[in-house]
Student: 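So that we are looking at the same thing, I have put the structure below in structure tokens.
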Amino acid sequence: MTIVEKYLSFVHRDRRMPLHVDLGPMHIHLYSRAVFLLWVTVAILALAGIVVLVSRKRELIQKWRTWALIAPAVGLPVWLGHGTTAALAAALAVVAVIEYARLVRLRRLDTCVLVALAVLYPIAAWLRPSLLQLAPAAVLLCALPSVFGGDVEHGAKRTAFAGFGSVWICWSLAHLVMVWPDTYLLCFAVAATDVAAWCGGKGLRRMAWARRPLSPLSPNKTVGGMVGAIIGASVILSLLGTISIGLLVAVSIGGVFGDLLESMFKRQAQVKDAGCWLPGFGGLLDRIDSLLLVLPLAYLLG
């Protein structure tokens with residue numbers, strides 16, 4: 001058997017695993033890929049926890065604790081079904097919209113429109129997915145507060161920011177429902193690829209080409225980081241048995257440029273983070289910026 005054949009055999013291997021839990025009134029009997037993802041998550045968190053404790057770096061310990069909370073907070077709603085995944089998407093979108101509105105200094109009425117869309121888009125993705133095709137019309141609706149308020153001076157700017165936010169955050173996060181039941185798998189791959197990009201940027205910085213920034217917006221986002229993201233995405237998607245050219249492009253390239261996109265807004269607002277309530281990461285928008293571009297790309301390409 002050649003190396004290619006061995007690789008393809010590994011990728012196409014059945015990753016369904018059993019889980020049987022009988023504790024009093026609680027009975028769980030599963031045989032699915034979700035169980036495999038559960039054990040992979042537990043194993044990686046355990047190994048990372050050991051490394052973090054040995055390093056004794058406060059920032060890394062904070063990030064590990066946050067990851068330990070994020071995994072079940074995302075995994076459980078996704079495991080329960082479409083409806084709870086839509087609720088998760090709506091909750092994430094509302095928080096992200098509020099952070100975004102603060103970054104671009106949107107007025108209260110514009111923010112309320114985005115909050116409404118943050119809830120309506122995931123519900124539409126759950127109950128009537130075809131309604132997501134109306135996203136262009138929703139962008140135009142974002143002009144109503146400025147039009148009816150007669151805002152000649154700032155109306156165009158408010159409309160542009162609100163319309164962009166409706167697509168970048170609300171519409172994109174609704175795809176958490178559209179990619180179900182692979183939602184957790186995709187979130188896991190994006191998170192792992194973010195770590196791989198960081199490792200690539202650090203590990204390859206001795207080489208001049210690797211230190212070259214991808215954009216003046218963020219000198220820390222380098223060619224080395226992009227290489228690390230592509231390699232990391234290839235490895236993790238192969239491990240999960242879901243690799244394809246489209247998904248590889250979505251997770252690796254989309255993730256890096258999603259991060260750069262948020263950097264543009266933070267540079268304009270002259271802030272380091274979109275928030276300060278998520279230990280080790282800043283705000284929610286800082287944590288999901290890669291996912292916002294990956295989700296629609298993965299749905300279309302993967």
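Note: hydrogens, waters and symmetry copies are ignored here, and every other heavy atom, side chains too, is used. The chain is numbered in sequence order, starting from 1. Every value quoted in this text rests on a predicted model; they were computed, and no experiment measured them.
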Student: Taking the side chain as every heavy atom from C-beta outward, state whether I253 and I230 have any pair of such atoms under 4.5 Å apart.
Tutor: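 Yes, their side chains come closer than 4.5 Å.
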Student: Between S172 (side chain) and V167 (backbone), is there a donor-acceptor pair under 3.5 Å?
Tutor: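 Between the backbone of V167 and the side chain of S172 there is a qualifying donor-acceptor contact (under 3.5 Å).
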Student: Among residues at least two apart in sequence or on other chains, which ones pass side chain to side chain donor-acceptor pair (under 3.5 Å) with K266?
Tutor: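 For K266 the side chain to side chain donor-acceptor pair (under 3.5 Å) partners, ignoring immediate neighbours, are D286.
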Student: Under a single-linkage definition using a 4.5 Å side-chain heavy-atom cutoff for Ile, Leu, Val, Met, Phe, Trp and Tyr, are V113 and L140 assigned to the same hydrophobic cluster?
Tutor: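 Not linked; separate clusters.
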Student: I'd like to check R65 versus L69 (side-chain heavy atoms, cut-off strictly below 4.5 Å). Are they in contact?
Tutor: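 Contact flag for R65/L69 side chains = no.
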Student: If the plane angle is over 60° it's perpendicular, under 30° parallel, otherwise tilted; pick one for W171 and H175.
Tutor: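 Rings of W171 and H175: perpendicular, over 60°.
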Student: Once you round to the nearest 0.5 Å, how far does OG of S218 lie from CZ of R267?
Tutor: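 Reported value, rounded in 0.5 Å steps: 7.0 Å.
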Student: Starting at SG of C187, measure out to CD1 of I288 and round the result to the nearest 0.5 Å.
Tutor: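 Going from the SG atom of C187 to the CD1 atom of I288 covers 9.5 Å.
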Student: Quick check on the 6.0 Å ring-centre criterion: do W168 and F161 meet it?
Tutor: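 No, the ring centres sit 6.0 Å or more apart.
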Student: Just to verify, which of D194, D259, D273 counts as forming a salt bridge (charged side-chain N to carboxylate O under 4.0 Å, His left out) with R287?
Tutor: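 The option that passes is D194.
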Student: Are side-chain heavy atoms of L248 and S234 found at a separation under 4.5 Å?
Tutor: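 Heavy-atom side-chain distance check passes, below 4.5 Å.
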Student: Going by ring pair (Phe, Tyr, Trp, His ring centres under 6.0 Å), name the residues that satisfy it together with H12, two or more places apart in sequence or in a different chain.
Tutor: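 Residues passing ring pair (Phe, Tyr, Trp, His ring centres under 6.0 Å) with H12: none at all.
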Student: I'd like to know whether CD of Q270 has more than 12 heavy-atom contacts from other residues, nucleotides or ligands below 6.0 angstrom.
Tutor: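 At most 12 heavy atoms, drawn from other residues, nucleotides or ligands, come within 6.0 Å of this atom.
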Student: Just distance, no hydrogens or angles: give the donor-acceptor pairs under 3.5 Å from side chains in residues 199-213, sequence neighbours left out.
Tutor:
residue	atom	partner	partner atom	Å
R205	NE	K202	O	3.3
R211	NH1	R205	O	2.8
R211	NH1	R206	O	3.2

Student: So if you build clusters from Ile, Leu, Val, Met, Phe, Trp, Tyr with side-chain heavy-atom gaps below 4.5 Å, do L45 and L19 land together?
Tutor: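 Same cluster: L45 reaches L19 through Ile, Leu, Val, Met, Phe, Trp or Tyr contacts under 4.5 Å.
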Student: Roughly how far, to the nearest 0.5 Å, is the CG atom of L114 from the OH atom of Y121?
Tutor: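 These two atoms lie 10.0 Å from each other.
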Student: Which heavy atom of P122 sits nearest a heavy atom of A174, and at what distance?
Tutor: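 So the two residues come closest at N-CB, 3.9 Å.
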Student: Is it the case that the side chain of E99 and the backbone of A274 share a donor-acceptor pair, with hydrogens and angles ignored and the cut-off at 3.5 Å?
Tutor: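 No; judged by distance alone, with no hydrogens or angles, the pair does not exist.
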Student: Would you check if W79 and L38 make a side-chain contact, meaning some heavy-atom pair closer than 4.5 Å?
Tutor: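 No. Closest side-chain heavy atoms not under 4.5 Å.
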Student: Can you find a heavy atom in the side chain of I243 that is under 4.5 Å from one in the side chain of Y7?
Tutor: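 Yes. Closest side-chain heavy atoms under 4.5 Å.
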Student: Can you tell if the side chain of V195 reaches within under 4.5 Å of the side chain of K63, non-hydrogen atoms only?
Tutor: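 Sidechains of K63 and V195: no contact.
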Student: A quick test of your reading: do over 12 heavy atoms of other residues, nucleotides or ligands sit less than 6.0 Å from CH2 of W198?
Tutor: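 No, CH2 of W198 has 12 or fewer neighbouring heavy atoms, counting only those of other groups under 6.0 Å.
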Student: Return the CZ to CG distance between F265 and L103, rounded to the nearest 0.5 Å.
Tutor: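 With rounding to 0.5 Å, CZ (F265) is 8.5 Å from CG (L103).
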Student: Please check if the number of heavy atoms outside E59 that lie under 6.0 Å from its CD is greater than 12.
Tutor: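 Result for CD/E59: open.
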Student: More than 12 non-hydrogen atoms from neighbouring residues, nucleotides or ligands closer than 6.0 Å to CH2 on W67, yes or no?
Tutor: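 It does: W67 CH2 has more than 12 such atoms within range.
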Student: State which residues pass ring pair (Phe, Tyr, Trp, His ring centres under 6.0 Å) with F10; sequence neighbours excluded, sorted by chain then number.
Tutor: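 Scan of F10 (ring pair (Phe, Tyr, Trp, His ring centres under 6.0 Å), adjacent residues dropped) gives none.
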Student: Quick one: name the residues clustered hydrophobically with L109, using the 4.5 Å side-chain heavy-atom rule over I, L, V, M, F, W, Y, and just say none if it's on its own.
Tutor: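 Its cluster mates, by chain and number: none.
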Student: So which atom in A125 and which in L132 form the shortest heavy-atom distance, rounded to 0.1 Å?
Tutor: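 Answer, listing the atom of A125 first, then L132: CB-CD1, 4.1 Å.
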Student: Are more than 12 heavy atoms from other residues, nucleotides or ligands located less than 6.0 Å from atom CD1 of I3?
Tutor: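 Counting neighbours around CD1 of I3, 12 or fewer heavy atoms of other residues, nucleotides or ligands fall under 6.0 Å, so no.
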Student: Do T84 and L88 make a side-chain contact, defined as non-hydrogen atoms from C-beta onward lying under 4.5 Å apart?
Tutor: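 The answer is no, as the side chains (C-beta and beyond) never meet within the 4.5 Å cut-off.
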Student: With a cut-off of 6.0 Å (strictly less than), are more than 12 heavy atoms of other residues, nucleotides or ligands near CH2 of W277?
Tutor: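 Yes, the 6.0 Å shell around CH2 holds more than 12 heavy atoms from other groups.
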Student: Looking at side-chain heavy atoms only, is the closest gap between L92 and L176 below 4.5 Å?
Tutor: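 L92 vs L176: side chains touch.
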Student: What residues form a side chain to side chain donor-acceptor pair (under 3.5 Å) with N220, not counting sequence neighbours?
Tutor: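 With sequence neighbours excluded, N220 shows a side chain to side chain donor-acceptor pair (under 3.5 Å) to no residue whatsoever.
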Student: Ignoring hydrogens and angles, tell me if any N or O in the side chain of T193 forms a donor-acceptor pair with the backbone of S252 under 3.5 Å.
Tutor: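 Flag not set: sc T193 to bb S252 has no pair under 3.5 Å.
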Student: Report yes or no: do L131 and L141 belong to one cluster of Ile/Leu/Val/Met/Phe/Trp/Tyr joined by side chain heavy-atom distances under 4.5 Å?
Tutor: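 Cluster IDs for L131 and L141 differ.
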